[in-house]
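Here's the structure we're looking at; comments come further down.
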Amino acid sequence: MLDRKLLRKEPQTVADAATAKNEKIDIQQWLDADRSKRELMLEIEALRKQRNTLSKTVSIKKRNGEDAEEEMQKSRNTGAELADLEQRVSEFNSRLSEMELSFPNIPDSDVPEGTEDNNVIVRSWGTIPEFSFQPKPHWDLMSKVFLPEAAGKIAGSNFILFRGWAARLQRTLISWMLDYHTQAGMDEVWAPFVARPESMTATAQLPKMDDDMYRIGHDNLYLVPTGEVPITNLYRDRLLEETDLPVRLCGYTPCFRREAGSYGKDNRGLNRVHQFEKVEMVRLEHPDRSEEAHLELLNHAAGMLEVLDIPYRILLLATGDLSFAAAKCYDIEIWSAGQEKWLEVSSVSNFRDFQARRGNMKYKPAGGGKPRLVHTLNGSGLALPRLIISLVENGQQPDGTIRLPKIIAERMGTDVIKP
RNA sequence: GGAGAGGUGGCCGAGCUGGUUUAAGGCGUACGCCUGCUAAGCGUAUGUAGGGGUAACUCUACCGAGGGUUCGAAUCCCUCCUUCUCCGCCA
């Protein structure tokens with residue numbers, strides 16, 4: 001959510017930002033409603049003051065045993081008048097907040113304009129592996145352990161089922177990643193995998209992404225589409241001390257996405273599935289330091305790929321590719337040797353105070369003064385299926401075996417997988 | 001699922017037989033006094049949001065959320081959310 005003062009002062013900025021993000025908003029409608037509401041509030045406050053005074057007089061007169069029928073009658077009348085005005089204000093309020101919830105965050109000034117074609121490659125690392133043979137895609141390499149038909153029988157198409165070494169590899173990776181983060185000072189969180197609408201609204205999956213999430217109608221809950229939701233919401237409606245910042249968290253969750261309307265596009269194998277596993281990093285930061293924190297998160301995530309020796313590149317997303325809530329976002333893409341393309345494996349975003357305002361997450365400045373909104377950030381660290389794709393495809397050898405990175409080999413108890 | 005008890009300002013906590021409480025008191029915090037230093041002590045201030053004023057200031061709302069009763073609701077009634085205790089069921 002954006003600051004109302006900004007909406008009033010710089011409506012054009014807000015409108016332009018929405019256009020850049022391909023969101024249709026009607027800022028003029030908001031401005032009109034806001035003005036009407038404030039005018040009504042002036043009337044209401046005057047009437048309330050009148051009623052408060054009358055009530056006090058009634059109270060005093062009654063205590064003294066005097067008759068207060070006149071004041072009571074007057075108060076009854078103002079009460080009726082108030083009820084009418086209050087009804088109108090509450091209509092304005094719900095319209096206003098409905099509109100505000102659908103206004104996207106404003107991109108930072110250094111975010112390139114345009115569509116995904118305008119994304120900027122910030123840097124690359126590693127060399128794309130060369131093969132003396134035609135490298136296979138992961139669905140061939142994993143045909144015995146990755147069983148989409150079985151998953152389909154259980155849950156439906158585009159769910160995945162791992163058996164044997166694939167299941168074990170995934171578990172090993174999750175465990176290693178969490179260790180990697182906690183060793184860097186993050187606090188590990190194991191949170192619910194479902195969330196109520198309020199939580200989804202705070203992190204801004206709602207209202208926009210309603211159709212992309214699985215809803216448990218029976219209990220009015222959603223399956224989390226990312227760990228960002230439960231981990232960030234841990235701090236919803238909290239007032240922190242400035243010295244509590246930064247708050248650095250990490251946690252594992254499955255991610256459930258309906259991927260409505262994305263059938264037939266890049267969704268063979270593990271590329272795009274309805275449930276995937278992910279380790280997420282979340283950070284609550286002082287507003288003056290979110291910029292550095294953003295880069296720190298990015299480099300931390302990229303560092304994991306260096307340990308795993310997977311070539312990657314980092315993209316600074318253009319305005320049109322930026323998510324609803326983000327002010328600035330870097331994607332990390334890794335190389336898939338079997339498909340010969342880049343796969344997004346991490347998305348590291350700075351939301352500034354956009355989520356904090358929705359979720360009422362504040363800190364008390366050390367020098368005194370009013371509580372201020374924190375900045376929230378998060379980044380995948382990392383998403384599992386595409387990481388597995390890359391490990392398996394890039395590690396394949398002429399004899400059909402798969403060579404594992406040292407750190408994973410140690411944990412798996414073998415440096416080569418024989419599929 | 002059944003029964004009961006709670007949800008009050010950053011935290012704790014009174015008020016809950018409706019009207020000098022426009023929320024007592026404490027802790028914490030800030031400033032001042034005192035002190036060789038620290039602690040203690042004393043004094044003052046200290047919720048959030050919105051509106052008005054150059055300004056000290058002032059007005060309105062908010063006591064889990066929403067609705068109702070009433071001239072007037074933290075206080076009474078209803079619905080929902082949530083925490084705790086006991087019972088039942090269950091991994």
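A note on names: the letters A, B, ... follow the listed sequences, proteins ahead of strands, and every chain is numbered from 1.
The backbone N or O of A:Ala166 sits nowhere less than 3.5 Å from a side-chain atom of A:Arg171 that would complete a donor-acceptor pair. Checking side-chain atoms of A:Ser336 against main-chain N and O of A:Trp342 turns up no donor-acceptor pair under 3.5 Å. Between the side chain of A:Ser175 and the backbone N or O of A:Thr172 there is no donor-acceptor pair closer than 3.5 Å.
Checking B:rU22 for Watson-Crick or G-U wobble geometry (two distances, each under 3.5 Å) identifies no partner in any strand. B:rU75: no Watson-Crick or G-U partner with both key distances under 3.5 Å is found in any strand. Pair assignment for B:rU60: B:rA49, on the basis of Watson-Crick or G-U wobble contacts that are both within less than 3.5 Å. Using N1 to N3 plus N6-O4 or O6-N4 for Watson-Crick, or N1-O2 and O6-N3 for G-U wobble, each under 3.5 Å, B:rU44 pairs with B:rA30. Figure legend. B:rC16 is base-paired to no nucleotide; pairs are counted as Watson-Crick or G-U wobble with both atom distances under 3.5 Å. Under the Watson-Crick or G-U wobble criterion, with both distances below 3.5 Å, B:rG1 is paired with B:rC87. Applying the Watson-Crick and G-U wobble criteria (two distances, each under 3.5 Å), B:rA39 pairs with nothing in any strand.
For the pair A:Arg236 CZ and B:rU82 P, the computed distance is 11 Å after rounding to whole Å. In this structure, the CG atom of A:Leu47 is 13 Å from the P atom of B:rG72, given to the nearest Å. Following rounding to the nearest Å, A:Asn93 (CG) and B:rA65 (P) show an atom-to-atom distance of 16 Å. Rounded to an integer number of Å, the gap from A:Glu81 CD to B:rG72 C1' is 17 Å. One can place CD of A:Glu86 at 14 Å from C1' of B:rA73, the figure rounded to the nearest angstrom. Atom P of nucleotide B:rG10 and atom CD of A:Glu242 are separated by 18 Å, given to the nearest angstrom. The CD atom of A:Glu39 sits 19 Å away from the P atom of B:rG50 (whole-angstrom rounding). Rounded to an integer number of Å, the gap from A:Glu241 CD to B:rC27 C1' is 13 Å.
Annotation: B:rG19 and B:rC11 have their C1' atoms spaced 31 Å apart (nearest Å). Comparing the same atom, C1', in B:rC62 and in B:rA73 gives a spacing of 13 Å after rounding to whole Å. Rounded to a whole angstrom, the distance from the P atom of B:rG6 to that of B:rC76 is 11 Å. B:rG68 and B:rG13 have their P atoms separated by 32 Å, given to the nearest Å. Rounded to a whole angstrom, the distance from the P atom of B:rA3 to that of B:rG64 is 24 Å. Straight-line distance between the C1' atoms of B:rA14 and B:rC63: roughly 12 Å, to the nearest whole Å. Spacing of P atoms, B:rU20 relative to B:rC27, comes out at 27 Å, to the nearest Å. Comparing B:rG72 with B:rU82, their C1' atoms sit 30 Å apart, to the nearest whole Å.
Taking a cutoff of 4.0 Å between a charged side-chain nitrogen and a carboxylate oxygen, A:Arg236 and A:Glu198 do not qualify as a salt bridge.
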Which donor-acceptor pairs under 3.5 Å do side chains of residues 33-42 of chain A form with protein atoms, sequence neighbours excluded?
unit_1  : atom_1 : unit_2  : atom_2 : d
A:Asp34 : OD1    : A:Arg8  : NH2    : 3.1
A:Asp34 : OD2    : A:Arg8  : NE     : 2.6
A:Ser36 : OG     : A:Asp32 : O      : 2.9

Show me the donor-acceptor pairs, under 3.5 Å and distance only, between side chains in residues 412-419 of chain A and residues at least two apart or in other chains.
unit_1   : atom_1 : unit_2   : atom_2 : d
A:Thr414 : OG1    : A:Val416 : N      : 3.2
A:Thr414 : OG1    : A:Val416 : O      : 2.9

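Comparing A:Glu198 and A:Leu239 by the nucleotide of RNA chain B that holds the closest heavy atom to each, the one mapping nearer the 5' end is A:Leu239. If A:Glu71 and A:Ser90 are placed on RNA chain B by their nearest nucleotide, the residue sitting closer to the 5' end is A:Ser90.
Listed candidates were B:rG51, B:rG19, B:rU48. Nearest to the side chain of A:Pro371 is B:rU48. Residue A:Lys362 has its side chain nearest to B:rA49 when only B:rG19, B:rG51, B:rA49 are considered. Across B:rG10, B:rG19, B:rU48, the shortest atom-to-atom separation from the side chain of A:Lys364 is found for B:rG10. Of the candidates B:rA49, B:rG28, B:rG72, the closest approach to any side-chain atom of A:Lys370 belongs to B:rA49. When the nucleotides B:rG19, B:rA49, B:rG51 are ranked by their closest atom to the side chain of A:Arg38, B:rG51 comes out on top.
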The contact string for nucleotides 57-63 of chain B, one letter per nucleotide 5' to 3', using protein heavy atoms under 4.0 Å with B, S and - for base, sugar-phosphate only and none, comes out as --BBS--
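At a threshold of 4.0 angstrom between heavy atoms, the contacts of A:Leu42 are confined to the sugar-phosphate backbone, with no base atom among them. Using a 4.0 Å heavy-atom cutoff across all strands shown, A:Arg372 reaches no nucleic acid atom at all.
Aromatic ring centres of A:Tyr252 and A:Trp190: separated by under 6.0 Å.
Every residue was checked against the ring-ring contact (aromatic ring centres under 6.0 Å, His included) condition with A:His375, not counting sequence neighbours, and none meets it. Annotation: side chain to side chain donor-acceptor pair (under 3.5 Å) contacts of A:Arg4 (sequence neighbours excluded): A:Glu100.
Dashed line: the shortest gap from a side-chain N or O of A:Arg196 to OP1 or OP2 of B:rU82 is under 4.0 Å.
Each side chain to side chain donor-acceptor pair (under 3.5 Å) pair with one or both residues in residues 12-21 of chain A, not counting sequence neighbours, appears once here: A:Glu10-A:Thr13, A:Gln12-A:Asp16.
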